[in-house]
Amino acid sequence: MQSCEISSDSTDDPLSSGIRTHRQPRIVVIGAGLAGLAATKVLLQNGFTDVTVLEASDHIGGRVCSVQHGKATLELGATWIHGANGNPVYHLAEENRLLQHTTDEERSVGRISLYTKNGVPYYQTSGGKRIPKDLVEEFSDVYNKVFELTQEFFQNGKPVCPESKNSVGIFTRKEMYERLNLKFDDNDSGVALLKRSMLQQYFKVESCESSSASMDEVSLSEFGEWAEIPGAHFVIPDGFMKIVKLLAHDIPSSTICLNQPVRCIHWNVSAQRQDVIVDTVQYNNHNANNCTCQPDHRPHRPIYVECEDKEWIAADHVIVTSSLGVLKQNQETMFSPSLPDDKKFAIEKLGISTTDKIFLEFEEPFWSPECNSIQCVWEDEAELEQPVYPEELWYKKICSFDVLYPPERYGHMLSGWICGQEALYMECCDDETVAETCTELLRRFTGIPDIPKPRRVLRSSWGSNPYILGSYSFTSVGSSGEDRERLAMPLPYANSTKAPPLQVLFAGEATHRKYYSTTHGALLSGEREATRLVEMYQDLHRAQTTKPNM
């Protein structure tokens, strides 16, 4: 997938599947993640042959990153298939027998998807004590009821009280304090302080789930719009990368150009501006041997994709699947002319943060056979509302360490979870520092002083990856599902009747109103944008074939 050859234009190269135009439209897909691959697959299946995928990194998959570790595959990125019934990722995995070795312990039907439903979570305090199981169950029951209430504002049109500031965190904190009778006074019992500390830990877990820095940033009125597909959450034993490879299977290797980051998408290019672009590129490249917009007799195209390596690619349509993090950082320079203001505002308002995993491999387990996770409850955070940690205390944002099951596959492995700015601090540390820090953390919370250092550390770094810049999106306070629809709206807008339609299309998990933050949302968004083009050219064909003879 190293070649970046652009096919030549042809006036007698008819599209299959009943689609015909005067020439093949040239389509560039930016990004070879699930959205980009899904879009490319639909285009090729419908007879489009002049398709090029530009991937900035040296591999396909986007936020899917499966790493082989002995007999096991560890997921640094996407891990679960969230739900089965009607989930295209699940059906793709099931039809290709990717789930046949998934054990019952690797399936979860819980709201928070741990690696296993086997065993119980151990809630451990920073003093090295385990919180009694009955106290955890009491707290969890109340929390889950409050969580259900957060869904009702969107689902039932329930008005948001101004006191909540439209924040999931502020609303949940207030409800939990009232229901558990947690008041700040000098007579606070040890149990009340412990429950407030537990709430901080639950918020950290929830922030990792939402990929937000804090639940105080997540919109209460929109929280219930995210739709959960019925069915269990499935782990793919051989790695989520198998899904990526299935999508890429029928895409010719010459279609995908790796190590090809895009600098700018010049869209709505007039014939006069095209001449200026071609002349400029010719001058800058001298003989322009590698330039795909040489001044020959090629037809006018409304888009020119400028790559970081100075290559320019002419196109009729571009499908942008860049992450929300990349759009936030680069939108001002990535599009010429600039994006419409409403699309800019949508990108600015929607949220994305970093959720990272820290895999720790041990020679022997120090945890009980029934323990499926170690949940870290800091007792000194009871009086805080929204903890903010300095860089040297980044480890206090680690919410838990999950036990990977079954040990026959994974060995003795824990997976720590951290999000927000603290995840970025962690990414800046070396492996030795992370290993030592996590070991001290585990010794402290378990009360076992002689836990050895892990023999191996493996971790993700989605926040500092320049081609990702975050894990997945959330709907932040001040934004809504309408912002996702604005982000997904192709350019130019439909009321720009004089401009060629569907020049720049947008896909990716952040553009799916109901399934944002999921792999199936990303896949469906890619199919959605490719289908727009398929239908447009079918409509053109119908218009041509039904034109009356004069």
Side-chain angles (χ1 to χ4, degrees), residues 1-9 23-33 36-37 39-40 49-62 251-323 325-339 464-469 491 500 503-508:
M1 299 177 181
Q2 302 299 326
S3 173
C4 195
E5 297 176 0
I6 309 299
S7 60
S8 61
D9 297 294
R23 60 176 172 84
Q24 275 275 354
R26 177 174 293 165
I27 304 170
V28 173
V29 178
I30 298 177
L37 294 175
T40 303
T49 60
D50 199 348
V51 182
T52 299
V53 182
L54 302 179
E55 168 55 46
S57 71
D58 61 1
H59 60 276
I60 64 174
I251 299 175
S253 60
S254 60
T255 298
I256 302 178
C257 306
L258 301 178
N259 299 301
Q260 192 68 285
V262 169
R263 173 176 293 167
C264 184
I265 300 166
H266 302 266
W267 60 287
N268 233 6
V269 175
S270 65
Q272 292 78 11
R273 189 173 166 218
Q274 172 182 278
D275 292 340
V276 172
I277 288 174
V278 171
D279 290 342
T280 302
V281 175
Q282 281 268 320
Y283 176 78
N284 290 338
N285 288 275
H286 302 294
N287 59 5
N289 287 333
N290 297 318
C291 178
T292 62
C293 53
Q294 298 161 7
D296 54 14
H297 298 291
R298 297 183 181 187
H300 165 248
R301 297 189 190 270
I303 305 167
Y304 283 82
V305 179
E306 179 186 359
C307 300
E308 291 284 357
D309 67 356
K310 309 297 185 182
E311 182 175 7
W312 289 62
I313 301 172
D316 296 291
H317 311 281
V318 172
I319 301 178
V320 179
T321 71
S322 305
S323 73
V326 169
L327 291 175
K328 279 179 174 291
Q329 177 163 299
N330 299 328
Q331 63 159 309
E332 290 296 335
T333 59
M334 192 174 175
F335 300 92
S336 178
S338 298
L339 296 176
S464 55
N465 184 324
Y467 305 131
I468 303 294
L469 298 176
L491 297 175
Q503 292 181 38
V504 185
L505 303 94
F506 295 83

Nearest 0.5 Å, what's the CZ-CG distance between F335 and N268? 13.5 Å
Counterpart residues, side chain to side chain contact (heavy atoms under 4.5 Å, CB included), relative to S323 (two or more places apart): R63, V326
Counting N and O atoms only, with roles assigned by atom type, does the side chain of Q260 sit under 3.5 Å from a partner on the main chain of L54, one being a donor and the other an acceptor? no
Identify the heavy atoms of M334 and S322 that sit nearest to each other, and give their distance. CE-OG, 3.4 Å
Identify, with sequence neighbours excluded, every residue that meets side chain to side chain donor-acceptor pair (under 3.5 Å) alongside E308. R263
What pairs with Q329 under side chain to side chain contact (heavy atoms under 4.5 Å, CB included), at least two apart in sequence or on another chain? L469
Does Q274 offer a backbone N or O that forms a donor-acceptor pair with the side chain of H266 under 3.5 Å? no
L491 side, atom CG; L339 side, atom CG - distance, nearest 0.5 Å: 6.5 Å
Value for SG (C307) from CG (N259), rounded to nearest 0.5 Å, stands at 12.0 Å
Holding to side chain to side chain contact (heavy atoms under 4.5 Å, CB included), I want the full list of residues that pass it with P466, two or more places apart in sequence or in another chain. none
If I compare all heavy atoms of V269 with all of H300, which pair ends up nearest, and what's the gap? O-NE2, 2.7 Å
Applying side-chain contact (heavy atoms from CB on, under 4.5 Å) to I265 and I30, what does each step give before you reach the verdict? CA-CA 10 Å; I265 300 166; I30 298 177; 3.5 Å; yes
Going by side chain to side chain contact (heavy atoms under 4.5 Å, CB included), name the residues that satisfy it together with A507, two or more places apart in sequence or in a different chain. A35, I319, T321, S525, E529
Side chain to side chain donor-acceptor pair (under 3.5 Å) partners for S338, two or more places apart: none
Side chain of Q503, backbone of W267: donor and acceptor closer than 3.5 Å? no
Rounded to the nearest 0.5 Å, what's the gap from CD1 on I60 to CD on E55? Could you check? 8.5 Å
Report yes or no: does D50 contribute a side-chain atom to a donor-acceptor pair with the main-chain N or O of P25 at less than 3.5 Å? no
Measuring from atom CG of D316 to atom CD1 of I303, what distance do you get when rounded to the nearest 0.5 angstrom? 7.0 Å
Partner of V318 under side chain to side chain contact (heavy atoms under 4.5 Å, CB included), chosen from I27, V28, V29: V28
Beyond-backbone contact of E306 with S336, side-chain heavy atoms, under 4.5 angstrom: no
What closest approach, in Å, do L258 and D58 show between heavy atoms, and which atom pair accounts for it? CD1-O, 3.5 Å
N465 CG to S57 OG distance, which is reported to the nearest 0.5 Å: 7.5 Å
